[in-house]
Amino acid sequence: MRLMEEIARQKDGDRDEEVVSIGGGLPQHVKVVIVGYALTSKKIKSFLQPKLEGLARNKGILFVAIDQSRPLSDQGPFDIVLHKLSGREWGQILEDYRQMHPEVTVLDPPDAIQHVHNRQYMLQDVADLNLSDAYGKVGVPRQLVIKKDPSSIPDAVSKAGLTLPLVAKPLLVDGSAKSHQHSLAYDQYSLQKLEPPLVLQEFVNHGGVLFKVYIVGEAIKVVRRFSLPDVSKRELSKNAGVFRFPRVSCAAASADDADLDPCVAELPPRPLLEKLARELRRRLGLRLFNLDIIREHGTRDRFYVIDINYFPGYGKMPEYEHIFTDFLLSLGQSKYKKRC
Ligand SMILES: Nc1ncnc2c1ncn2[C@@H]1O[C@H](COP(=O)(O)OP(=O)(O)OP(=O)(O)O)[C@@H](O)[C@H]1O
Ligand SMILES: O=P(O)(O)O[C@H]1[C@H](OP(=O)(O)O)[C@@H](OP(=O)(O)O)[C@@H](O)[C@@H](O)[C@@H]1OP(=O)(O)O
Ligand SMILES: [Mg+2]
Ligand SMILES: [Mg+2]
């Protein structure tokens, strides 16, 4: 169905309503914000849940699927384009569309997304920021990039002076399961078994809990997740080898209700996270992302960012439907203001 027909159909759906829709149609007398989306079927299922679409409709936001087999400019008109698809070709289509349609907000710009899809650069802005204030200090673990030749790893690790154990992560994040397959290495010689390109990152003990900070425009939401347990000096001296580990922190079950050591479970100070989020939003040029942050075990205020993800699993973020719809509306309004 053509977009304008779809809007008319949805508006007709609630003839009895003045402003707020009950019957599933769009509210009358309200400017409709049209959000075109290009997402994987997995993402559509986890993100575009009925509770989001329902609330959005009530607020005058309509989600419309982008048809990838047709030119983007022939579709819409859109106010906002929401996307998470991999591939150079798609990035170019979006870039061309952004040039031709500066009036449309593309969330987010392909170049900025590309930057966080490479673990060599992903955390660079956090390191440059060097955030340190009365609430704490935020850094990144020391890391080394190995592009090829696994036999050179032991030497490279000692030259760089990295401390074991190390987390080995595939260099590129491309949405595949493989790009999330990490290993923990107890000795540097076993690292020769791994397949570059990869990043070797110092493992930081953090009491087995990490904090996921979800960012949606100016809003932030923090949740606890289970993570890898600490590695003691004794354990390190007794073990050798590299061990693959699953996506521990991705589990649907959150650590928010678990019976945890309060020193480990205490959320990072809000003002520190606000400052970090504000700075990263600006430096990365992204509005939709999350970051994984850990507290060094035994400290109160020493934090490390270990991962940044573009358009993460917002479906798991509490109250995401309210936060997201408010954000989409705020974009529509600021655009309206600019035009006046
Ligand atoms: N430097 C580190 N020190 C301690 N633990 C780490 C470190 N890096 C990663 N981890 C652990 O490994 C997990 C996976 O690492 P990371 O978050 O970088 O991978 P990812 O595949 O990008 O994850 P996501 O599913 O969040 O995208 C983390 O959630 C954390 O439990
Ligand atoms: O699938 P989930 O809901 O877990 O979302 C995960 C998301 O997968 P999806 O984009 O395919 O949904 C991942 O994206 P890719 O790196 O693989 O592109 C990454 O952003 C994870 O960090 C997200 O987990 P979260 O950080 O929110 O726990
Ligand atoms: Mg992570
Ligand atoms: Mg990640």
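Numbering of residues begins at 1 and proceeds along the displayed sequence.
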Side chains of Lys178 and Glu195 in contact at under 4.5 Å (non-hydrogen atoms): yes
Please examine the side chains of Gln75 and Ile66, heavy atoms only from C-beta on, and report whether any two atoms are closer than 4.5 Å. yes
Can you find a pair of side-chain heavy atoms, one from Leu166 and one from Gln201, that are under 4.5 Å apart? no
Is there side-chain contact between Leu144 and Val199, with heavy atoms separated by less than 4.5 Å? no
Residue pairs, two or more places apart or on separate chains, that pass side-chain hydrogen bond (donor to acceptor under 3.5 Å, both in side chains) and touch residues 43-52: none
Got a donor-acceptor contact below 3.5 angstrom from the Asp230 side chain to the Ser232 backbone? no
For the side chain of Glu321 and the backbone of Leu52, is there at least one donor-acceptor N/O pair under 3.5 Å apart? no
Any donor-acceptor pair under 3.5 Å linking the side-chain atoms of Asp96 with those of Gln92? yes
Arg287 to Phe289, cation-pi by 6.0 Å centre distance and 45° axis angle: no
Heavy-atom closest pair, residues Pro154 and Ser151: CD-O, 3.5 Å
Closest non-hydrogen atom pair between Pro170 and His182, with its separation: CD-ND1, 3.4 Å
Between the side chain of Asn290 and the main-chain N/O of Phe311, is any donor-acceptor distance below 3.5 Å? no
Output the distance between atom NZ (Lys31) and atom CG (Leu329), rounded to the nearest 0.5 Å. 10.0 Å
To the nearest 0.5 Å, how far apart are CG in Leu328 and CG in Asp79? 10.0 Å
Using a 3.5 Å distance criterion without hydrogens, assess whether the side chain of Arg281 forms a donor-acceptor pair with backbone atoms of Gly217. yes
Taking the side chain from Arg295 and the backbone from Arg300, do they hold a donor-acceptor pair closer than 3.5 Å? yes
Give, for atom CG of Leu284 and atom CD of Gln124, the distance between the pair rounded to the nearest 0.5 Å. 11.0 Å
Would you mind telling me which of Val173, Asp125, Leu291 makes a side-chain contact (heavy atoms from CB on, under 4.5 Å) with Ile308? Leu291
Apply side chain to side chain contact (heavy atoms under 4.5 Å, CB included) to the pair Met317 and Ile323, showing each step before the final yes or no. CA-CA 10 Å; Met317 170 177 125; Ile323 294 176; 3.5 Å; yes
If only atom types and distance count, is the side chain of Glu266 paired as donor or acceptor with the main-chain N or O of Cys263 below 3.5 Å? no
Point-to-point distance, once rounded to the nearest 0.5 Å, from NZ of Lys84 to CG of Leu39: 9.5 Å
Checking Leu94 now: which residues fulfil side chain to side chain contact (heavy atoms under 4.5 Å, CB included) with it, not counting sequence neighbours? Leu72, Val81, His83, Trp90, Val106, Pro110
Would you check if Val209 and Ser227 make a side-chain contact, meaning some heavy-atom pair closer than 4.5 Å? no
Partners meeting ring pair (Phe, Tyr, Trp, His ring centres under 6.0 Å) with His101 (sequence neighbours left out): Tyr97
Donor-acceptor contact below 3.5 Å, side chain Arg224 vs main chain Ala265: yes
Main chain of Gly136, side chain of Asp133: is a donor-acceptor contact present, judged purely on distance under 3.5 Å? yes
Same apolar cluster: Leu191 and Leu171, side chain cutoff 4.5 Å: no
Criterion ring-ring contact (aromatic ring centres under 6.0 Å, His included) on Phe211 and Phe303, from CA distance to verdict: CA-CA 10 Å; Phe211 308 101; Phe303 298 96; 7.2 Å; no
So Val138 and Leu129, side chain to side chain contact (heavy atoms under 4.5 Å, CB included) or not? Walk me through it. CA-CA 9 Å; Val138 182; Leu129 179 58; over 6 Å; no
Tell me whether Asp307 is salt-bridged to Arg119, with the criterion being a basic N under 4.0 Å from an acidic carboxylate O. yes
Does a sphere of radius 6.0 Å around CD in Glu218 hold more than 12 heavy atoms from other residues, nucleotides or ligands, not counting ones at 6.0 Å or beyond? no
Any side-chain heavy atom of Leu288 within less than 4.5 Å of one from Ile215? no
Return the minimal non-hydrogen interatomic distance between Gly161 and Arg142, and the atom names on each side. O-NH2, 2.7 Å
State, to 0.1 Å, how close Leu210 and Lys212 come at their nearest heavy-atom pair, and which atoms those are. CD1-CG, 3.8 Å
Under a single-linkage definition using a 4.5 Å side-chain heavy-atom cutoff for Ile, Leu, Val, Met, Phe, Trp and Tyr, are Phe63 and Ile44 assigned to the same hydrophobic cluster? yes
Under a 3.5 Å distance rule, please check whether Asn309 uses its side chain to pair with a backbone N or O of Pro312 as donor and acceptor. no
Quick one: do Asp292 and Arg225 satisfy salt bridge (charged side-chain N to carboxylate O under 4.0 Å, His left out)? Show the steps, please. CA-CA 9 Å; Asp292 294 349; Arg225 292 275 176 82; over 6 Å; no
So, taking the atom named OG1 in Thr299 and the one named NZ in Lys137, what distance separates them when rounded to the nearest 0.5 Å? 12.0 Å
So do Ile293 and Leu276 actually touch side chain to side chain, heavy atoms under 4.5 Å? yes
Side chains of Val204 and Ile306: closer than 4.5 Å at any heavy-atom pair? no
Of all the heavy-atom pairs spanning Val264 and Gly207, show the shortest one and how long it is. CG1-O, 3.6 Å
When you group the ILVMFWY residues by side-chain heavy-atom contacts below 4.5 Å and let the links chain together, are Val64 and Leu55 in the same group? no
Any chance you could lay out the side chain to side chain donor-acceptor pair (under 3.5 Å) test for Ser152 and Asp155, step after step, and finish with the verdict? CA-CA 6 Å; Ser152 69; Asp155 254 9; over 6 Å; no
Any side-chain donor near an acceptor of the partner, Asn239 and Glu235, under 3.5 Å: no
Determine whether the aromatic ring centres of residues Tyr320 and Tyr214 are separated by less than 6.0 angstrom. no
Determine whether Arg270 and Glu274 satisfy the following criterion, salt bridge (charged side-chain N to carboxylate O under 4.0 Å, His left out), listing intermediate values before the conclusion. CA-CA 6 Å; Arg270 186 89 195 171; Glu274 300 260 358; 3.0 Å; yes
Can you tell me how far CD of Gln181 sits from CZ of Arg244, rounded to the nearest 0.5 angstrom? 4.5 Å
Closest heavy-atom pair, Ile113 versus Asp108, reported as atoms and distance to 0.1 Å, is CD1-O, 3.4 Å
Would you say Asp187's side chain and Gly241's backbone share a donor-acceptor pair under 3.5 angstrom? yes
Please check if atom CD in Gln120 has more than 12 non-hydrogen atoms from other residues, nucleotides or ligands closer than 6.0 Å. yes
Take the angle between the ring planes of Phe243 and Tyr186 and call it parallel below 30°, perpendicular above 60°, tilted in between. perpendicular
For atom CZ of Phe327, decide whether the heavy atoms of other residues, nucleotides or ligands shown that lie under 6.0 angstrom number more than 12. yes
If you group Ile, Leu, Val, Met, Phe, Trp and Tyr by side-chain heavy-atom gaps below 4.5 Å, do Val145 and Leu164 land in one group? no
Is there a path from Phe245 to Leu194 through hydrophobic residues (I, L, V, M, F, W, Y) whose side chains come within less than 4.5 Å of each other? yes
